[in-house]
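Below, chain A is the first sequence line, B the second, and so on; all start at residue 1.
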Amino acid sequence: MKIPQVKGTRDFYPAEMAVRNRIVDGWKRVSQRNGFEEYDGPIFERLEMYQIKSGDEIVDQLFSLKDRGGRNLAIRPEITPTLARMVNQRINSLPRPIKWFSVPRLCRAERPQKGRLREFFQWNIDIIGVDDIRADADVIFTTVDYLRDIGLTANDIVVKISSRRMLAAVLKEIGVPQGSLDSLYAVLDKMNKLPDETFEKMLDELLRDSEMVSKVRTFMGLENIQQIEGMFGRQEAFNELVRLMELLNSMGIGDYYRFDQGIVRGLAYYTGIVFEIYDKASELRAICGGGRYDNLLKDFGGPAISATGMGMGDCVLEILLKEKGLLDIPELEKGLDYFIARVPTVVPFEDHRTPLSVAVQLAAEIRKTDRRVDVSYRLTGSGEPPSLGRQLKEAAARNTEKCIIIGDEFREGKLVVKDMASGEQDMVGYDVFLTDLAGESE
RNA sequence: GUGAAAGUAGCUCAGUCGGUUAGAGCACUGGAUUGUGGAUCCAGGGGUCGCGGGUUCGAAUCCCGUCUUUCACCCCA
């Protein structure tokens, strides 16, 4: 019986797995070189945990289950609540700074579409307990450091940065009542995605004050902080933004970012700097998003400690990397360092050893040096060893770097080592070969 | 949750005014006188035409349902 694949999931055959590892290994490596330590939690958590932050609607968008004791559980749709729980549990004993990263596998019961599946991987980095804008700069830098590392340039992507704090200050200056802020954020977040008229209509309905609406629209049309400052006066939050940009410039990623007050982030919990990264052609959904959140730990029963972080899924990133041709590189191809072929016509050696027994022994020896080695399993129809040509063909098909041939010269303790790319081959003593190999590994 | 399009071999597709045992290319497997590979040539395996029902003497082909995929909306932690 054929069982169909589950909606919105992927199978990772070796070729896809190589791509996934390329992405995930980069996430881990770049996190570590930026001073982040890896953590992880369980793949399911108590359902309530996800209701705290996001409310009941979220329950429809996650996979939930009951355990045998009747507890409501959910497969994690994000890892930030787990992070908050873990940090809160040991808040008094964790050494600071808390700079942690994770690459969790997440599930969301959403309708799959381009760049969005029901199961995916997400790189998360967070800095907890550092109020300084330098932490926000580090989060943005680490993110760009990765994207740059994997081959994306300032011509491919753009980091759009804004500040919830600045937004709140300006909107207060304009006269927007405190109670309308959260719903207004949701509308402003859509500005770039909606036609002008629809956007204006939504503002009208929300604010019911044409002067306020026109001020908001003017503000949203401004291009830099200086213009905003000129129109709405210097706000405390501006210093923060300016300092962030100075830090990013010093870090050498000045050409990657752009101020854009259209970046609001849908979520209510952001309180400071917010950012999103897009492909420059802006044809895909956001590659990642993040920002400062001051109340999350408190919401999960911990102290009021400020935090800043970022999340990046693998789906959109992979689409972009494929478009840019950054995933078709030779190292991604499967391969062997050595393939050991044996000559089938050779009669057993003096101590009754056969080419095959020498081959498997040699393979085991080479594997001790952590190199990829294999010996053919192939037999002819009559159960005979395959021809040498056949074995070399297999070695070529498996993208082997060097082939070792065991034949008559082994009576003198010699191996034939053939370079598959150049076709050149040498005779080397068995012991000398292994000694050289061990030497190279050190 | 809403709307639209699509589903034939592992992949890309051809085949339908309804008519015998459903095809191609690529991929895969085997072979081309067995101590030298990638090319080429030859041969082969593989499909209950997504699944279920209906119409019909007869369905890959027409109708209905369903599942999956893709795209857009909703949402985006």
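Nucleotides B:G23 and B:G38 place their P atoms 32 Å apart, quoted to the nearest Å. For the P atoms, the distance linking B:A59 with B:C13 amounts to 28 Å, nearest Å. Nucleotides B:U68 and B:A14 place their C1' atoms 23 Å apart, quoted to the nearest Å. Rounded to whole Å, the P atom of B:C74 lies 30 Å from the corresponding atom of B:C64. Of the C1' atoms belonging to B:C71 and B:G15, the separation is 27 Å, rounded to the nearest Å. Using P as the reference atom, B:A27 and B:G65 are 41 Å apart when rounded to the nearest Å. Spacing between B:A32 and B:G50 at atom P, rounded to whole Å, works out to 39 Å. Atom P of B:A22 sits at a distance of 10 Å from the matching atom of B:C49, rounded to the whole Å.
With a 3.5 Å ceiling on both atom-pair distances, B:G35 lacks any Watson-Crick or G-U wobble partner. B:U56 is unpaired under the criterion used here, namely a Watson-Crick or G-U wobble arrangement in which both key atom distances are under 3.5 Å. When both distances must be under 3.5 Å, the Watson-Crick or G-U wobble mate of B:C17 does not exist. Judged by Watson-Crick or G-U wobble contacts below 3.5 Å, the nucleotide B:C71 has B:G3 as its partner.
For B:U36, the base has a donor-acceptor partner in the side chain of A:Q425 [N/O atoms by modelled type, under 3.5 angstrom]. If you check distances only, the side chain of A:E409 does reach the base of B:G35 with a donor-acceptor pair under 3.5 Å.
Side-chain atoms of A:K114 do not come within 3.5 Å of backbone N or O of A:L284 as any donor-acceptor pair.
Taking only side-chain atoms of A:K7, from C-beta outward, the nucleotide of B:U68, B:A77, B:G37 with the closest atom is B:U68. Each of B:U36, B:U70, B:U34 was ranked by its minimum atom distance to the side chain of A:I405; first place goes to B:U36. For A:R111, taking side-chain heavy atoms from C-beta onward, the closest of the listed nucleotides B:U2, B:A32, B:C73 is B:U2. Of all nucleotides listed (B:G30, B:A77, B:G38), B:G38 comes nearest to the side chain of A:A396.
Of the two residues near RNA chain B, A:E110 and A:V6, the one whose nearest nucleotide lies more 5' is A:V6.
Taking the six-membered ring where the residue is Trp, the centroids of A:W27 and A:F121 are separated by 6.0 Å or more.
Figure legend: cation-pi geometry between A:R371 and A:Y338 absent, as NZ or CZ is not positioned both under 6.0 Å from the six-membered ring centre and within 45° of its axis.
Backbone-only contact: A:P344 has heavy atoms under 4.0 Å from sugar-phosphate atoms and none from a base. Contact annotation for A:G8: backbone-only contact, meaning every heavy-atom pair under 4.0 Å involves sugar-phosphate atoms and none involves a base.
Between A:I43 atom CD1 and A:L73 atom CG the span is 12.5 Å, to the nearest 0.5 Å.
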